[in-house]
Amino acid sequence: MQAKINGIELAFDLQGSGVPVLLLHAFPLNRSMWQAQANALSRQFRVITPDFRGFGDSERSDEPYTMELLADDICALLKHLSVDQIILGGLSMGGYVAFAFYLKYPEMVQRLILADTRAEADTEDGKANRRAVAELARKRGAAVIAELMTPKLLGATTRQEKPEVVKRVKEMIAACAPTAIANAQIGMSLRPDSTSTLKAITCPTLILVGEEDLLTTVEMAKNMHSKIKDSVLQVVPKAGHLSNLEQPESFNAHLVDFLQDQPV
Ligand code: MLT
């Protein structure tokens with residue numbers, strides 16, 4: 001489905017009915033990464049999976065995709081769908097956007113799911129690296145970024161044992177518009193530190209992290225868990241940074257358990 005949101009055509013899928021669960025995808029992927037979760041949750045929930053501007057089937061705009069801009073797109077999409085409150089989940093960049101959304105619209109969030117993400121802003125080296133990747137994407141295209149990023153996004157187990165997942169991730173990245181990669185990299189480099197937001201989170205929160213995640217590590221997840229009062233932490237075995245794609249069964253089992261233990 002598509003709707004004109006904040007001046008751009010935003011693509012999204014709706015699956016199932018019940019309490020709305022909105023899932024925000026990672027960088028530089030698209031809403032299709034949530035397929036297995038949407039299938040599992042749509043038996044009980046209304047699952048909403050948008051493509052961020054520039055990604056998947058959503059229209060591009062040429063400006064830095066700040067986390068606040070992306071959160072505002074999501075809020076406008078929810079208004080369009082007449083949805084007032086959600087269970088909000090995000091993986092990695094999706095998690096950064098979830099922090100921005102929670103900061104601005106806390107009353108709309110009933111439960112939070114933070115997967116393979118972190119609250120800290122980038123270091124100066126991290127920012128410089130993002131600017132370099134943005135430049136590389138603009139000059140050499142998305143296929144180069146796919147080769148560069150895929151090994152970092154996936155855990156060692158997936159790289160060794162699940163070639164179909166490796167192929168799927170590479171294809172998703174290679175299909176991205178280079179300008180969207182660049183704009184999101186710059187947007188992420190501008191994101192503020194969300195550490196102070198952690199203490200302000202009052203809703204029940206599930207924190208998930210792949211055991212083999214080297215980008216947003218188990219240590220970082222433990223740190224978020226220690227600061228979010230009403231949170232549970234689950235480590236997904238044999239998964240890297242894209243834990244939902246790498247080990248969908250364990251990931252989904254944790255989602256379902258959390259949502260059953262913490263009904264809205
Ligand atoms: C993601 O998976 O969304 C990215 O790894 C986030 C990032 O680059 O910080």
Side-chain angles (χ1 to χ4, degrees), residues 23-34 37 49-56 58 64-71 74 88-101 113-137 142 144-155 158-159 165-166 168-176 178 180-195 207-210 212-221 223-224 236 239-247 251:
L23 299 174
L24 301 174
H25 66 78
F27 166 86
L29 306 181
N30 61 59
R31 71 191 195 277
S32 74
M33 70 169 253
W34 293 118
Q37 287 67 47
T49 48
D51 279 333
F52 287 125
R53 65 169 65 208
F55 292 92
S58 286
Y65 299 165
T66 62
M67 302 305 99
E68 193 182 354
L69 174 67
L70 300 181
I74 299 306
L88 176 62
L91 190 141
S92 196
M93 181 176 82
Y96 308 158
V97 178
F99 287 131
F101 189 96
I113 300 154
L114 299 169
D116 301 281
T117 196
R118 66 191 154 117
E120 296 83 7
D122 290 339
T123 60
E124 286 311 311
D125 281 354
K127 287 180 193 185
N129 185 53
R130 288 197 194 278
R131 290 192 291 270
V133 173
E135 198 54 26
L136 187 67
V144 170
I145 305 298
E147 290 301 323
L148 187 78
M149 284 194 70
T150 305
K152 295 181 187 158
L153 293 174
L154 298 172
T158 302
R159 280 185 273 125
V165 176
V166 177
R168 187 173 163 204
V169 169
K170 263 192 198 164
E171 285 173 355
M172 262 195 261
I173 301 176
C176 279
I181 294 178
N183 290 334
Q185 281 287 22
I186 302 302
M188 283 191 282
S189 77
L190 298 173
R191 76 186 193 286
D193 191 277
S194 292
T195 311
I207 300 165
L208 286 159
V209 63
E212 301 171 5
D213 187 344
L214 299 178
L215 298 180
T216 50
T217 59
V218 173
E219 267 324 294
M220 290 172 178
N223 181 39
M224 287 196 293
V236 182
H241 187 59
L242 300 179
S243 56
N244 73 311
L245 281 173
E246 295 180 59
Q247 296 294 341
F251 191 97

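In this text the structure is predicted, and so the values were computed from the model without any measurement. Below, all heavy atoms of this structure are taken into account, side chains as well, without hydrogens, waters or symmetry copies. Note that ligands are numbered from 1 as they come in the structure, with each ligand's atoms numbered from 1 the same way. Here, residue 1 is the first one in the sequence, and each next residue gets the next number.
- In this model, a donor atom of one side chain and an acceptor atom of the other lie less than 3.5 Å apart for Asn30 and Ser32.
- Residue Arg130 holds the heavy atom nearest to atom 8 (O) of ligand 1 of all those in Arg130, Met33, His25.
- The side chain to side chain contact (heavy atoms under 4.5 Å, CB included) test with Leu153 is passed by exactly one of Leu215, Asp116, Val166: Leu215.
- Atom CD of Glu246 and atom CG of Asp213 lie 8.5 Å apart (nearest 0.5 Å).
- The shortest N or O to N or O distance between Leu242 and ligand 1 is not under 3.5 Å.
- For Phe52, the ring-ring contact (aromatic ring centres under 6.0 Å, His included) partners two or more places apart in sequence, or in a different chain, are His25.
- Residue-to-ligand polar distances place Phe27 within reach of ligand 1: an N/O pair is separated by less than 3.5 Å.
- With sequence neighbours excluded, no residue forms a ring-ring contact (aromatic ring centres under 6.0 Å, His included) with Phe27.
- In terms of protein heavy-atom proximity, atom 5 (O) of ligand 1 is nearest to His241 NE2, 3.2 Å.
- For atom 1 (C) of ligand 1, the closest non-hydrogen atom of the protein is Ser92 OG, 2.7 Å.
- Only the side chain of Met188 comes within 4.0 Å of ligand 1, counting heavy atoms alone; its backbone N, CA, C and O stay farther away.
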